[in-house]
Amino acid sequence: MAVMLDKSNPEKMMEQMREAWQFTDPIAIAKDEAAAFVQKALSAAQKDGALPGAEAAPFVVEQPADPKNGDLACNIAMVNAKTFGMAPRKIAEALLAAAPPIENSIIEKVEVAGPGFINLYLAQSWFSGRVMQAVVCGEDYGRTHHGKGEKVNVEFVSANPTGPMHLGNARGGALGDVLASCFDWAGYEVEREFYINDAGNQITKFGKSLAARYLQQVKGEDAVEFPEDGYQGEDIKERAAEFLAQNGPGWAEKPEAELEQALVDYALPKNIQDMQDHLAKYRISYDVWFRESSLHQSGAVERAIDKLKALDATYEKEGALWMKGDEDDKDNVLVRANGVPTYFAADIAYHIDKFERGFTSLIDVWGADHHGHIARMQNALTAAGYKGEALDVVLMQFVKLVRDGQPVRMSKRTGKAITLSDLLDEVPIDSARFLFNMREPGSSIEFDLDQAVAQDSDNPVYYVQYAHARICSIERALAEESIAFEPAVAFGGADRLTTGEERDLIRKVAAFPGVLVTAATGRNPAGVTRYLMDLATGFHKFYTACHIKGEEAPLLQARLALALATKNVLKNGLSMLKVTVPDKM
């Protein structure tokens, strides 16, 4: 990553660095260069006979947990003991003896450790460069081309529009939205999508529930029996009351089917608009709101069923059409005996539609209770001629609310089960979005309402925001003394950033692009929030141990550059989480 710089022109120098380093992952590049160094050593050792000429087993270069064991470590000797018929340490020593010169490379020192690990220490120029990279790349620092523009569809929340969104949707919304951001930053072409279940049994039940509540309000509760499987929520009563207030009691004399359809036509758009409004308040904006009803209207469901028939993936039994299962899943009904397609058939058509729109990876965020549907959907897509394994479902565990250490199940304001809207009225959106991404999707969350509203370091998002605000305050204090950032001086003084606290912070800054790639490919945004907290801690340690103000110009500017690099990472990380980035606190 060496760059020829025009140090006589600061602006040109900054642009040269930006062009060379933008959209790159410095840790990944360092690993590649270290692996190439080891490979050259292996070739030389085999050529001079120090090691056998057998084909070596694959090896990896990783970052040790403790930098005392090197900035990077390679396991080539450990994994090739059997291949070469030698002790790992002997292999490692032979490799080092045959290794190419390290002068003018990113590697400063190489040593054999323990039973045969090869530990590599990066040169000071590498650390200096990473500070300047994070400074000059600014709001793009962290972005890479890792995904090479692959089209990814992230579908999340997709709550049933027959009632208000719940706490699971609050977690799913934060998780899906941030996961999509990770894909975007990692170089994928990503689209956020909400699937509106506006057809099928749930809408039929919705209409019958609304009609029963409307008739009860017109004729009295005892006069009208409520459906045994109807939706019991207060929101159904409220929608029915709204319809009555606007249209009067005359609809009670209409045919049942006509009344139900009128109520669905009235209530469903309002419920969908409420979902859109609440999610927008939650800072979630979708690229596509896809309606299930459009699949039936366009014939997509019939076409999906015909595909499965043509590929001999179905059979008829007792008047119904079934899809054949496999060893992971049982057979499933596609079309009922009455000729009505099941929700499963519509779901197959929906995912086929995603493939036909050009997506090569389909990421669905589902509640853990839907785990049994994964193999079924993948099997169906494979049977229809698509790559079933391209459907990757992120299963999300449920949320438990606590206050004062005790479970909270009801809203103080409404006395009802807590909804997404209730939560956003009670806790800051910054806290909700950050805290819901603090744990892996497959782990249950205990969401502490007291922690979420706290304005101190006990609240993780406040802790990270404070680090950013603290750097801004350092800039303001220096500006009061007419001290501004001078990139040429900072670059010239960056070789002085050698203390443990400085190097630890630089390592953290350099890790940011890789953190985002790992979060995307691992479908786990929790790595981003943990990283930001770790970065904030690293900055506070650095600032406590290393003075900026009062130092001579080269060191002052270099440390200021490191503070600004950290500020950029904090800003970019919080921004991609859609969390406020304060300059003052």
Side-chain angles (χ1 to χ4, degrees), residues 1-2 23-127 129-130 144-148 150 186-187 360-361 387 389-390 392 503 507 510-511 513-524 527:
M1 297 183 76
F23 307 126
T24 63
D25 178 349
I27 299 293
I29 291 173
K31 287 181 178 179
D32 287 345
E33 291 193 29
F37 170 84
V38 172
Q39 186 63 53
K40 288 179 181 178
L42 173 62
S43 298
Q46 289 181 318
K47 185 176 181 180
D48 65 20
L51 290 176
E55 182 178 350
F59 62 89
V60 295
V61 176
E62 297 291 352
Q63 285 183 285
D66 188 344
K68 291 179 181 177
N69 297 322
D71 296 303
L72 300 170
C74 181
N75 69 343
I76 184 171
M78 311 297 288
V79 298
N80 279 288
K82 185 175 181 181
T83 302
F84 295 150
M86 297 171 63
R89 190 171 181 92
K90 291 292 185 182
I91 297 173
E93 289 171 348
L95 288 168
L96 258 62
I102 59 175
E103 290 81 9
N104 302 316
S105 76
I106 66 166
I107 300 170
E108 181 179 76
K109 183 176 70 171
V110 187
E111 64 183 21
V112 177
F117 287 106
I118 297 177
N119 294 343
L120 304 99
Y121 297 82
L122 296 173
Q124 180 59 36
S125 60
W126 184 88
F127 286 90
R130 303 301 60 79
T144 63
H145 293 311
H146 176 87
K148 300 177 182 178
E150 179 187 345
T360 53
S361 289
K387 291 183 178 180
E389 66 272 18
D392 194 349
R503 282 201 163 190
R507 289 187 189 95
V515 167
L516 302 186
V517 169
T518 299
T521 56
R523 287 38 167 168
N524 180 20

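Since we're looking at a predicted model, the values are computed, not measured. For the numbers below, each heavy atom of this structure counts, side chains included, while hydrogens, waters and symmetry mates do not.
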Asker: For the CZ atom on Phe117, are there more than 12 heavy atoms of other groups (residues, nucleotides or ligands in this structure) within a distance under 6.0 Å?
Answerer: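 No, the 6.0 Å shell around CZ holds no more than 12 heavy atoms from other groups.
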Asker: Side chains of His146 and Pro513: closer than 4.5 Å at any heavy-atom pair?
Answerer: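 No, too far: nothing below the 4.5 Å cut-off.
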Asker: Please check if atom CG in Asn104 has more than 12 non-hydrogen atoms from other residues, nucleotides or ligands closer than 6.0 Å.
Answerer: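 Atom CG in Asn104 is not packed in, count stays at 12 or less.
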Asker: Rounded to the nearest 0.5 Å, how far apart are CD of Glu111 and CG of Leu120?
Answerer: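 Those atoms lie 9.5 Å apart.
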Asker: For side chain to side chain contact (heavy atoms under 4.5 Å, CB included), just list the numbers for Lys47 and Ser43, CA-CA rounded to whole Å, side-chain angles, deciding distance to a tenth of an Å, and then say yes or no.
Answerer: CA-CA 6 Å; Lys47 185 176 181 180; Ser43 298; over 6 Å; no
Asker: Any sub-3.5 Å donor-acceptor pair from Asn119's side-chain atoms to Asn69's backbone N or O?
Answerer: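 Here the side-chain-to-backbone pair exists.
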Asker: Please find the pair of heavy atoms, one from Asp25 and one from Ala510, that lie closest to each other, and give the distance.
Answerer: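 Heavy-atom minimum between the residues: OD1-O, 4.4 Å.
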Asker: Do side-chain atoms of Tyr121 reach the backbone of Lys68 as a donor and acceptor pair under 3.5 angstrom?
Answerer: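 Yes: the side chain of Tyr121 pairs with the backbone of Lys68.
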Asker: Identify the two heavy atoms, one from Gly116 and one from Ala77, that lie closest to each other, and give their separation to 0.1 Å.
Answerer: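 Of all heavy-atom pairs spanning Gly116 and Ala77, the closest is O-CB, 3.3 Å.
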Asker: Starting from the C-alpha separation in whole Å, work towards a yes-or-no answer on side chain to side chain contact (heavy atoms under 4.5 Å, CB included) for Thr144 and Leu516.
Answerer: CA-CA 9 Å; Thr144 63; Leu516 302 186; over 6 Å; no
Asker: Under the side-chain contact (heavy atoms from CB on, under 4.5 Å) rule, collect the residues that match up with Asp32, sequence neighbours excluded.
Answerer: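 Asp32 satisfies side-chain contact (heavy atoms from CB on, under 4.5 Å) with no other residue.
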Asker: Tell me whether Gln63 contacts the main-chain N or O of Leu72 through its side chain, where contact means a donor paired with an acceptor under 3.5 Å.
Answerer: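 No; zero donor-acceptor contacts below 3.5 Å.
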Asker: With side chain to side chain contact (heavy atoms under 4.5 Å, CB included) as the criterion, how do Leu95 and Leu42 come out once you've worked through the C-alpha distance, each side chain's angles and the decisive distance to 0.1 Å?
Answerer: CA-CA 6 Å; Leu95 288 168; Leu42 173 62; 3.9 Å; yes
Asker: Looking at side-chain heavy atoms only, is the closest gap between Phe127 and Asp71 below 4.5 Å?
Answerer: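 Phe127 reaches Asp71 side chain to side chain.
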Asker: Among residues at least two apart in sequence or on other chains, which ones pass salt bridge (charged side-chain N to carboxylate O under 4.0 Å, His left out) with Glu62?
Answerer: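 If we apply the salt bridge (charged side-chain N to carboxylate O under 4.0 Å, His left out) test to Glu62, skipping adjacent residues, the hits are Lys31.
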Asker: Looking only at non-hydrogen atoms, find the nearest pair between Val61 and Ala34 and report the distance.
Answerer: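 For Val61 versus Ala34, the nearest heavy atoms are CG1-CB, 4.1 Å.
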Asker: Please evaluate residues Gln46 and Glu55 with respect to the criterion side chain to side chain contact (heavy atoms under 4.5 Å, CB included), reporting the C-alpha separation (whole Å), side-chain torsions for both, the decisive distance (0.1 Å), and the verdict.
Answerer: CA-CA 10 Å; Gln46 289 181 318; Glu55 182 178 350; over 6 Å; no
Asker: Minimum heavy-atom separation for Met86 to Pro52, with atom names?
Answerer: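 Smallest heavy-atom distance, with atoms named: SD-CD, 4.0 Å.
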Asker: To the nearest 0.5 angstrom, please state how far the NZ atom of Lys82 sits from the CG atom of Asn80.
Answerer: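 Going from NZ on Lys82 over to CG on Asn80, the span is 12.0 Å.
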Asker: Any side-chain heavy-atom pair from Arg503 and Pro67 closer than 4.5 angstrom?
Answerer: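 No. Closest side-chain heavy atoms not under 4.5 Å.
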Asker: Testing the basics here: between Phe37 and Ala99, what is the closest heavy-atom pair and its distance to 0.1 Å?
Answerer: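 For Phe37 versus Ala99, the nearest heavy atoms are CZ-CB, 3.6 Å.
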Asker: Rounded at 0.5 Å granularity, tell me how far OG1 in Thr518 sits from CD1 in Ile27.
Answerer: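 Reported value, rounded in 0.5 Å steps: 11.0 Å.
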Asker: Might you point out which heavy atoms bring Gly114 and Arg89 nearest each other, and give the distance in Å?
Answerer: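 Smallest heavy-atom distance, with atoms named: O-NH1, 2.7 Å.
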Asker: How many angstroms lie between atom CZ of Arg130 and atom CD1 of Ile29, to the nearest 0.5 angstrom?
Answerer: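 Interatomic distance, Arg130 CZ to Ile29 CD1, rounded to 0.5 Å: 7.5 Å.
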Asker: Any donor and acceptor pair, going by atom type alone, linking the side chain of Asn75 with main-chain N or O of Phe59 inside 3.5 Å?
Answerer: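 It does not hold such a pair.
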